[in-house]
Enquirer: 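Dumping the structure here so I can ask a few things about it.
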Amino acid sequence: MTTPLMPKATAVWLLENTTLTFSQIADFCGLHILEIQAIADGDSATGMIGLNPITSGQLTMVEIKRCESDPEAVIILTTPVTADSVLGKKRSRYTPVSKRQDRPDAIAWLLKFHPELTDAIICQLLGTTKNMIKSIKTKTHWNSANIKAKSPVTLGLCTQAELDIAIKHAAATKES
């Protein structure tokens, strides 16, 4: 279980402002129950300013009230809301040097078997540029004589799930 930021300061605030049991505070803050007892007695953390877990977004008042009414309840830390948790973490499309020579083959395969995919979707899926796709389409790529269409999944440039999502998105866009 993850602990709150500044567990001792949070424990000080919870002791001063709530009626939670020592064991609930100890479990929530990741401290020993005797340490919570020492903080309550004034033997430990004297002069420490308590950190309000509600204003820092680690707890809600509803959660505190729920645990105050049931001494056996476990306090649950709220998950922080970040841009990544709402929008999803943006993954970079870095392709290792050893696989970069496989990109033209993957582009040729996508152009041959899935012409409904737009250049933008192919760029996003394989981490390539529109100029590269254009040069493969028009056969002006410097190595166009040696390009053989191979699945990007087999080459390891994307997963089957990513490819399926891209194809489904392209089909939905085409129908609209």
Enquirer: Is the side chain of Gln24 donor-acceptor paired with the backbone N or O of Cys67 at a distance under 3.5 Å, no angle test?
Expert: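 Yes; judged by distance alone, with no hydrogens or angles, the pair exists.
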Enquirer: I need the minimum non-hydrogen distance between Ala45 and Val12, along with the two atoms involved.
Expert: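 Here Ala45 and Val12 meet closest at CB-CG2, 4.1 Å.
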Enquirer: Within the supplied structure, the quantity of interest is the number of heavy atoms (other residues, nucleotides, ligands) at a distance under 6.0 Å from Met6 CE; does it exceed 12?
Expert: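 At most 12 heavy atoms, drawn from other residues, nucleotides or ligands, come within 6.0 Å of this atom.
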Enquirer: How far apart are the closest heavy atoms of Ile107 and Met132, and which atoms are they?
Expert: CD1-CG, 3.5 Å
Enquirer: One pair to check against side chain to side chain contact (heavy atoms under 4.5 Å, CB included): Lys130 and Cys123. What are the steps and the verdict?
Expert: CA-CA 7 Å; Lys130 289 186 179 184; Cys123 288; 3.6 Å; yes
Enquirer: Is there a side-chain contact between Ile64 and Leu59 (heavy atoms, below 4.5 Å)?
Expert: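 Result yes, sub-4.5 Å side-chain heavy-atom pair found.
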Enquirer: Does any non-hydrogen side-chain atom of Phe22 lie less than 4.5 Å from one of Ile36?
Expert: yes
Enquirer: What pair of heavy atoms forms the shortest contact from Thr138 to Thr140, and how long is it?
Expert: OG1-OG1, 3.0 Å
Enquirer: First locate atom CG of Leu110, then atom CD1 of Ile167, and finally report the distance between them rounded to the nearest 0.5 Å.
Expert: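 Rounded to the nearest 0.5 Å, the CG-CD1 separation comes out at 7.5 Å.
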Enquirer: Kindly indicate whether the side chain of Leu77, heavy atoms from C-beta on, has any atom under 4.5 Å from the side chain of Pro4.
Expert: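 Yes. Closest side-chain heavy atoms under 4.5 Å.
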Enquirer: Has the side chain of Glu162 got a donor or acceptor atom that lies under 3.5 Å from a matching backbone atom of Thr159?
Expert: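 Side chain of Glu162 to backbone of Thr159, a donor-acceptor pair under 3.5 Å: yes, one is there.
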Enquirer: Tell me whether Glu63 contacts the main-chain N or O of Ile76 through its side chain, where contact means a donor paired with an acceptor under 3.5 Å.
Expert: yes
Enquirer: Carefully, step by step, assess Lys137 and Asp119 under the rule salt bridge (charged side-chain N to carboxylate O under 4.0 Å, His left out).
Expert: CA-CA 11 Å; Lys137 276 183 184 176; Asp119 290 354; 2.9 Å; yes
Enquirer: May I ask you to check whether over 12 heavy atoms, not counting those of Glu72, lie within 6.0 Å of atom CD?
Expert: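 Open: at most 12 neighbouring heavy atoms sit under 6.0 Å from CD of Glu72.
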Enquirer: What pairs of residues pass the ring-ring contact (aromatic ring centres under 6.0 Å, His included) test when at least one of them lies in residues 137-176, not counting sequence neighbours?
Expert: none
Enquirer: Is Thr10 reaching over with its side chain to a backbone N or O of Gly50, donor-acceptor style, under 3.5 angstrom?
Expert: no
Enquirer: When rounded to the nearest 0.5 angstrom, what distance separates OG1 in Thr118 from NZ in Lys174?
Expert: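 Thr118 atom OG1 to Lys174 atom NZ measures 11.5 Å (nearest 0.5 Å).
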Enquirer: Looking only at heavy atoms, which two atoms of Ala11 and Leu31 are closest? And how far apart?
Expert: CB-CD1, 4.1 Å
Enquirer: What's the shortest heavy-atom distance between Ala106 and Pro152, and which atoms?
Expert: CB-CB, 3.7 Å
Enquirer: Quick check for you: to the nearest 0.5 Å, what is the distance between Leu126 atom CG and Ile121 atom CD1?
Expert: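 Here the rounded value is 11.5 Å.
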Enquirer: Please round to the nearest 0.5 Å and tell me the distance separating atom CD1 of Ile136 and atom CZ of Arg103.
Expert: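 The CZ atom of Arg103 is 10.0 Å from CD1 of Ile136, to the nearest 0.5 Å.
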Enquirer: At what distance, to the nearest 0.5 angstrom, does OG1 of Thr21 lie from CD1 of Ile33?
Expert: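 Rounded to the nearest 0.5 Å, the OG1-CD1 separation comes to 7.0 Å.
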Enquirer: Looking at Gln58, is its backbone amide N or carbonyl O close enough to the side chain of Thr78 to form a donor-acceptor pair, meaning the two atoms are under 3.5 Å apart?
Expert: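 Yes: the side chain of Thr78 pairs with the backbone of Gln58.
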Enquirer: Taking all heavy atoms of Trp109 and all of Lys150, pick out the closest pair and write down the distance.
Expert: CB-O, 3.0 Å
Enquirer: Are Val153 and Ile165 joined in one hydrophobic group, where the rule is that I, L, V, M, F, W and Y side chains link up if heavy atoms are under 4.5 Å apart?
Expert: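 Different clusters.
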Enquirer: Any non-hydrogen side-chain atom of Trp13 less than 4.5 Å from a side-chain atom of Ile54?
Expert: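 Answer yes - side chains close enough.
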Enquirer: Would Leu20 and Val62 show up in the same hydrophobic cluster when neighbours are defined by side-chain heavy atoms closer than 4.5 Å?
Expert: no
Enquirer: Do Asp105 and Leu155 pass the side chain to side chain contact (heavy atoms under 4.5 Å, CB included) test, and can you show the C-alpha distance, the side-chain angles, and the key distance before you say yes or no?
Expert: CA-CA 9 Å; Asp105 295 339; Leu155 295 172; 4.2 Å; yes
Enquirer: Spell out, as yes or no, whether a donor-acceptor pair under 3.5 Å connects the side chain of Thr18 to the backbone of Leu14.
Expert: yes
Enquirer: Closer than 3.5 angstrom, by distance alone: can the side chain of Arg66 be matched with the main-chain N or O of Ala73 as a donor-acceptor pair?
Expert: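 Side chain of Arg66 to backbone of Ala73: no pair is present.
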Enquirer: Determine yes or no for a side-chain-to-main-chain donor-acceptor pair under 3.5 angstrom, with His114 supplying the side chain and Glu116 the backbone.
Expert: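 No: the side chain of His114 does not pair with the backbone of Glu116.
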Enquirer: Ser56 side chain to Asn52 main-chain N or O, any donor-acceptor pair under 3.5 Å?
Expert: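 Here the side-chain-to-backbone pair exists.
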Enquirer: OG/Ser44 to CD/Glu35 distance, rounded to the nearest 0.5 angstrom?
Expert: 5.5 Å
